[in-house]
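Data block below; observations after.
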Amino acid sequence: MTSLASEKDVESFLARQTKLLAQERAAEVEQTTLLLTKCSHQLLEKKGLALGGLSIARVNIGLGGQSLVELERPLAHHVSITFPPHLFRTGDIALLEPHMSGTKAAKKTQSDAEEKGIEGVIYSVSDTRIVLAVESESEAVHDLPDKCRIVKLANSATHDRMEKTINTLRKMFCPPSDLDAPMRLPQIQPLHRVLLGTQELGKPDSTIATNLTWFNDSLNASQKAAITFALQSPEVACIWGPPGTGKTTALVELILQMVSQDLRVLVCGASNLSVDNILERLSVISSQGENQGAEKIIPKLQLTRVSHPARTLPSLLRATLDYKAFHSDEAELARDCKNELEAKIASLTGKAGASKGAKGGRKPRLTKEERKKGWDDVKQLRKEYRKRETGVVTSIVRKSNVVLATCHSAGARQIINERFDVVIIDEATQALEAVCWVPILKAKKLVLAGDPMQLPPTILSRDGDSDDDDDVDSKTGSQISQQGDGEVKASSRLKPPQSLSTTLFVRLEKMYGPPVKRMLEVQYRMNTSIAAYPSMKLYQAKLVSHKSVASHLLTDLPNVTEKDEIDADVLSPPLVFFDTAGLDFFEKVDSSDPGNDEGSKYNENEAEVVSGWVRKLILGGILPDQIALITPYQAQVRLLASLLRPEFPEMEIGTVDGMQGREKEVVILSLVRSNNKREVGFLKDKRRLNVGMTRAKRQLCVVGDSDTVKNGGPFLSQWMSWLEAEADVRYAGDN
Ligand SMILES: Nc1ncnc2c1ncn2[C@@H]1O[C@H](COP(=O)(O)OP(=O)(O)OP(=O)(O)O)[C@@H](O)[C@H]1O
């Protein structure tokens, strides 16, 4: 064992984090600027980074006195009110600006746009409405013309928060000698020391959580072991959840167990979706608990979701802070103030809070002085509203025993002073370490859940980025080298990260080895033939299939009724391989992609093979929404979408990266790469391949050129040989 980390080690670790974060911010700004200056509006819209021809349906006042600007796509400018496919997600930063047409728009620079537009945060997204939360005084919003557009911007808020958090850590662990003014810093906990390697990892306390009463009777042994381990670990526990192993199920049980021990829990995730998933299940359990008088008493859950509400499912909405703040008894006073504020804005603009019908209301004729006074009043009212609302919010949060937020939102001002016994981070292998520290600074204990064998967070800056694949030990299928009974070969000393894509989960595995983690070993998704290769190569052959899925096939689906010989030939095999080797099905490059210097790759012949197999599946009775077509390359997504989306709009067509965390009955995976140089590009990241090959429940169909793909290293070459031996190999030329 090497020594504990010194203050100097911590200092260089944090300095390196700061440097890498700054590089990442610069890369993101550069990319956004490049896109905004080089691309026409049409191209930005095609890339999903802009939406034009929008009008403001209404402006409401949201939590914190923000203006919530509701945008719609009016029929005056479009044939449909539904937005085309786009990349705007809750929490993204976007610019709202006048929508100019033609070359004028194409020539705009980012600074031009910033001058004329208003920056905000995407608050909610539906098929027909996007709501943008704007911090600035609302006069500017009301001055926008009837035709607007929104453009996605680099997210500076996330970077600001991460940099601030690392800076706080620096002050906690390496206080500068000239720090004379006392600062309000979080108290250093043993957890923080263990994470930074200045204190040894504590051993699980086997005297606690011994005779647990399980709230969920169907948990498997590995889930129970992981939950017990997390309860017994004094500072930190990692739960390694390979695909389909019921990670969320285990986390929900863990939360119930913790609450029943009177612990206050902050549940975070890398994405809103992961947090909502857990919230959804907890909400159901919470309402069942209220109706049950059984011997297994479900602890009283006081759930509060801190975020911009991304979903409108009634069960989730009621848990959001917005909803609670509005509906609580204490909210009455704040509500009066809000009404006054909205009325004042309406009197100045004729628009605020008005529905679309009333939107045309004329702007009142006011003198310059009257307008100035009016907006000054708005400012005062907004201040007062914020103050009253803060009181309401604090009271709601204080009463909650489970608070849920993304890691980023854990730094929101509504919970700025809150402290928790435990923080649980789901999808921890998809979050940057810096953003994980936002909630960690609020807690005494940490549980990380994730799968380091799937894709890490996306990083734009390449500087200092080692080949991430090196992190993965292909022999053990683990990201650490292990010896015997939990002994660790890796150094326990804190080392500055090579790249931001080294997540906290992976770093802890390297630092502490098996004693810091437990793996979930039973998967509930894939037919065994689909799970076998990833299990063998990436999960030390420990991943076993639950009997409910081990041999399930497409032919068992209730919607597949008539099974003639031809249909059975298509539907029966769980693993199909169209090997295009020797057919000269060469890839092409879409160089029109300005955000991608090398251009994205596509393969027309492969797309034809995919399309042919889709039609056979559909003829066999498979529904389009039971099929996903996935591929590593954006240009191939576009090609497949152009071929198949008009006919099958419900069919999912996307990148492998976008499919992480999801599943479908059938997945067709188009590998694209086929060339004489035997180049495989980013296919060679086994984590990307792993995501691609573990999304299908009953059939995985792979289309690719084994001659090219096998050159991408041992993982790919062995996979090709394995498919040749184990899959139902079809001749692609027949399709
Ligand atoms: N112990 C169990 N017994 C039966 N079914 C289970 C069990 N654990 C999980 N499942 C089922 O497995 C599926 C996946 O579980 P869950 O949704 O909890 O996993 P996840 O964490 O969301 O997904 P992933 O494992 O891919 O990350 C669900 O259908 C769930 O009902």
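Counting starts at 1 for both ligands and their atoms, in listed order. Index from 1, following the sequence.
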| Could Asp451 and Arg687 be called an ion pair, given the rule that one side-chain N must be under 4.0 Å from one carboxylate O? | no
| field | Residue, atom name and distance, where the atom is the protein heavy atom closest to atom 25 (O) of ligand 1 | value | Thr245 N, 2.9 Å
| request: Test Gln626 against Asn559 for side-chain hydrogen bond (donor to acceptor under 3.5 Å, both in side chains), laying out the working first. | output: CA-CA 10 Å; Gln626 293 174 322; Asn559 51 296; 2.9 Å; yes
| In ligand 1, which numbered atoms sit nearer than 4.0 Å to a non-hydrogen atom of Leu219? | 1 (N)
| Strictly under 4.0 Å, does any heavy atom of Gln523 approach an atom of ligand 1? | no
| task | Without swapping roles, check the side chain of Glu24 against the backbone of Leu460 for a donor-acceptor pair under 3.5 Å. | result | yes
| Which is closest to atom 17 (O) of ligand 1 by heavy-atom distance: Glu427, Arg281, Lys247? | Arg281
| query | Trp613 vs Phe578 aromatic rings, parallel, tilted or perpendicular, using cut-offs 30° and 60°? | reply | perpendicular
| query | Does Leu553 offer a backbone N or O that forms a donor-acceptor pair with the side chain of Asp556 under 3.5 Å? | reply | yes
| query | If you measure from each non-hydrogen atom of Arg525 to ligand 1, which part falls under 4.0 Å: side chain, backbone, both or neither? | reply | side chain
| Minimum-distance protein heavy atom relative to atom 1 (N) of ligand 1 | Ser218 O, 2.7 Å
| query | Counting each atom of ligand 1 from 1 as listed, which ones have a heavy atom of Thr249 under 4.0 Å away? | reply | 8 (N), 9 (C), 15 (O), 16 (P), 18 (O)
| task | Among all protein heavy atoms, pick the one closest to atom 7 (C) of ligand 1 and tell me residue, atom and distance. | result | Tyr524 CZ, 3.3 Å
| With distance as the sole test, does Gln430 use its side chain to make a donor-acceptor pair with the main-chain N or O of Glu427 at under 3.5 Å? | no
| ligand 1 atoms in contact with Asn220 (distance to a heavy atom under 4.0 Å) | 1 (N)
| With the threshold set at 4.0 Å, does a side-chain nitrogen-carboxylate oxygen contact exist between Arg507 and Glu433? | yes
| task | Please indicate whether any nitrogen or oxygen in Gly244 is less than 3.5 Å from any nitrogen or oxygen in ligand 1. | result | yes
| query | Between Gly246 and ligand 1, is there a nitrogen or oxygen pair with a distance under 3.5 Å? | reply | yes
| note | for atom 22 (O) of ligand 1, nearest protein heavy atom and its distance come out as Thr248 OG1, 2.7 Å
| said: Do the side chains of Lys517 and Glu509 get close enough for a salt bridge, i.e. N-O under 4.0 angstrom? | reply: yes
| query | Among protein heavy atoms, which lies nearest atom 8 (N) of ligand 1, and at what distance? | reply | Gln223 NE2, 3.0 Å
| query | Would atom 31 (O) of ligand 1 count as contacted, meaning some protein heavy atom under 4.0 Å? | reply | no
| remark: With heavy atoms and a 4.0 Å threshold, my read on which part of His546 contacts ligand 1 is neither
| Only one of Lys697, Arg695, Arg525 forms a salt bridge (charged side-chain N to carboxylate O under 4.0 Å, His left out) with Glu665, so which one is it? | Lys697
| Backbone N or O of Pro234 within a donor-acceptor pair of the Lys444 side chain at under 3.5 Å? | no
